[in-house]
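This report concerns only the one structure given below.
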Amino acid sequence: MQKKAAARTPRITIRDVASDAGVSVAAVSKVLRDAYGVSEALRAKVQASMDKLNYRPLASARGLRGRTYTLGLVFPDLRNPFFADIFAGVNAALERTRYQAMQGISTSASALVEAMIDRQMDGLILVGPNENNERLNDIAKRTPLVVIGHHDIDGAKFDAVNNDDQLGARLAVRHLCQNGHSKIAMLSLSAPVSTVINQRELGYRLEMTEQGLGGAINILRAPQVLRDVQLTIRKLLESKDKPDAIFCWTDLMAFEAISVATELGLSIPDDLAVVGYDNTIFCDFSQNRLTSIDQSGEVLGLQATRLLIERIDGRMQPDHFVVTPRVVARASSARND
DNA sequence: TACCGCGACCCACAACTGGC
DNA sequence: GCCAGTTGTGGGTCGCGGTA
């Protein structure tokens with residue numbers, strides 16, 4: 001036997017509101033859009049009817065004539081609390097607007113992005129997309145697009161918001177040198193390779209060379225899998241050429257470095273100094289006290305949203321916003337902290 | 001000039017119509 | 001019966017004309 005579709009309660013439409021309030025459909029629409037030419041008396045009447053009928057505008061219908069007031073936000077994953085900082089920035093930027101952000105998870109500009117475009121979202125923010133400019137430009141042709149964490153902006157048709165990752169890595173190395181460390185290893189990501197990783201590795205190399213430590217350059221790469229990260233760190237710390245400091249490409253990796261080092265009986269920071277990246281909320285926890293490079297996730301989210309709304313409002317020229325990172329020193333690196 | 005409403009319009013899909 | 005073309009429908013927005 002065929003299943004019957006569940007019966008739906010008839011939807012309350014703008015026509016029902018207009019009929020209840022004794023005004024035209026257009027008048028209700030104007031109240032909804034806060035458009036010019038609506039008296040306070042009419043607004044109050046329409047608002048009362050909307051409240052009474054529990055009316056909600058239908059985004060897909062709005063999309064027929066223009067905007068749905070919906071923004072798509074795509075993260076590569078949600079395990080890293082840094083992404084929550086970005087989302088907080090997006091929400092803060094949308095607070096006084098009519099837009100709502102809907103988020104999803106994808107490591108590439110994938111079917112999820114296409115689905116968001118199909119659903120007529122007014123614009124997209126992609127965080128750390130693992131895509132080339134050709135693909136990103138193709139998306140930007142179809143919908144306003146802002147990318148967070150993508151440094152290759154030559155010929156880009158989209159807006160970009162970036163932390164200065166090269167400078168961030170340099171600051172990490174400089175900070176460790178200032179605290180008396182010279183055998184500084186970098187724990188990086190093996191795949192997917194991104195422009196962010198490239199910039200941080202470049203910054204590490206440049207600063208090591210500038211500090212006269214070019215011969216000690218040591219970059220290890222591990223995938224974002226806990227077991228692989230632990231094995232890589234253990235191998236490094238048990239090697240003859242053990243470093244006296246590690247610069248990790250995220251805080252999450254840095255926490256693992258601290259755990260493995262503690263298991264091996266090493267003291268932090270006397271035997272091993274550790275610096276992370278992102279300055280997430282967990283850095284402040286007393287068992288961590290992790291020195292980290294702050295790339296202001298909230299600012300990244302805020303600026304990306306600002307640029308996206310500008311784009312939706314008609315700006316054609318691509319824009320690029322760069323956030324300057326800073327060191328937030330804690331006990332994991334500063335011997336006298 | 002401020003306020004209000006008519007009617008065209010948007011797009012995808014289903015239903016209808018007419019010709020072969 | 002099949003296919004292609006036309007019309008209607010859904011829920012909003014928008015431009016412009018009418019009225020006080």
Please determine if A:Lys183 and A:Asp241 form a salt bridge, counting it only when a charged side-chain N lies under 4.0 Å from a carboxylate O. yes
When you group the ILVMFWY residues by side-chain heavy-atom contacts below 4.5 Å and let the links chain together, are A:Phe247 and A:Val196 in the same group? no
Exceeds 12 heavy-atom contacts within 6.0 angstrom, atom CD of A:Gln287: yes
So, A:Asp165 and A:His151: side-chain donor and acceptor under 3.5 Å apart, yes or no? yes
Note: A:Arg234-A:Glu263 ion pair, threshold 4.0 Å (strictly below): yes
Scan A:Tyr55 against the nucleic acid and name what it touches under 4.0 Å (heavy atoms): base, sugar-phosphate only, or nothing. sugar-phosphate
Not counting sequence neighbours, list each pair that qualifies as a ring pair (Phe, Tyr, Trp, His ring centres under 6.0 Å) and has a residue in residues 283-325 of chain A. A:Phe282-A:Phe285
Going by atom types alone, do A:Asn279 and A:Arg330 pair a side-chain donor with an acceptor below 3.5 Å? yes
I'd like to know whether A:His175 forms a side chain to side chain contact (heavy atoms under 4.5 Å, CB included) with A:Glu207, so could you lay out the CA-CA distance, the side-chain angles of the two residues, the decisive distance to 0.1 Å, and finally the verdict. CA-CA 11 Å; A:His175 168 78; A:Glu207 189 64 27; over 6 Å; no
Quick one: how far along DNA chain C does chain A reach, first to last nucleotide 5' to 3', anything under 4.0 Å to a heavy atom? C:dG11 to C:dC14
Distance in angstrom units between A:Ile14 CD1 and B:dC10 P, rounded: 18 Å
Anything under 3.5 Å between a protein N or O and an N or O of nucleotides 2-6 of chain B, put it in a table, one pair a line.
from, atom 1, to, atom 2, distance (Å)
B:dA2, OP2, A:Tyr36, OH, 2.8
B:dC4, OP1, A:Ser39, OG, 2.9
B:dC4, OP2, A:Ser39, N, 2.7
B:dC4, OP2, A:Ser39, OG, 3.1
B:dC4, N4, A:Lys30, NZ, 3.3
B:dG5, OP2, A:Ser24, N, 3.2
B:dG5, OP2, A:Ser24, OG, 3.2
B:dG5, O5', A:Ser24, OG, 3.4
B:dG5, O6, A:Lys30, NZ, 2.8

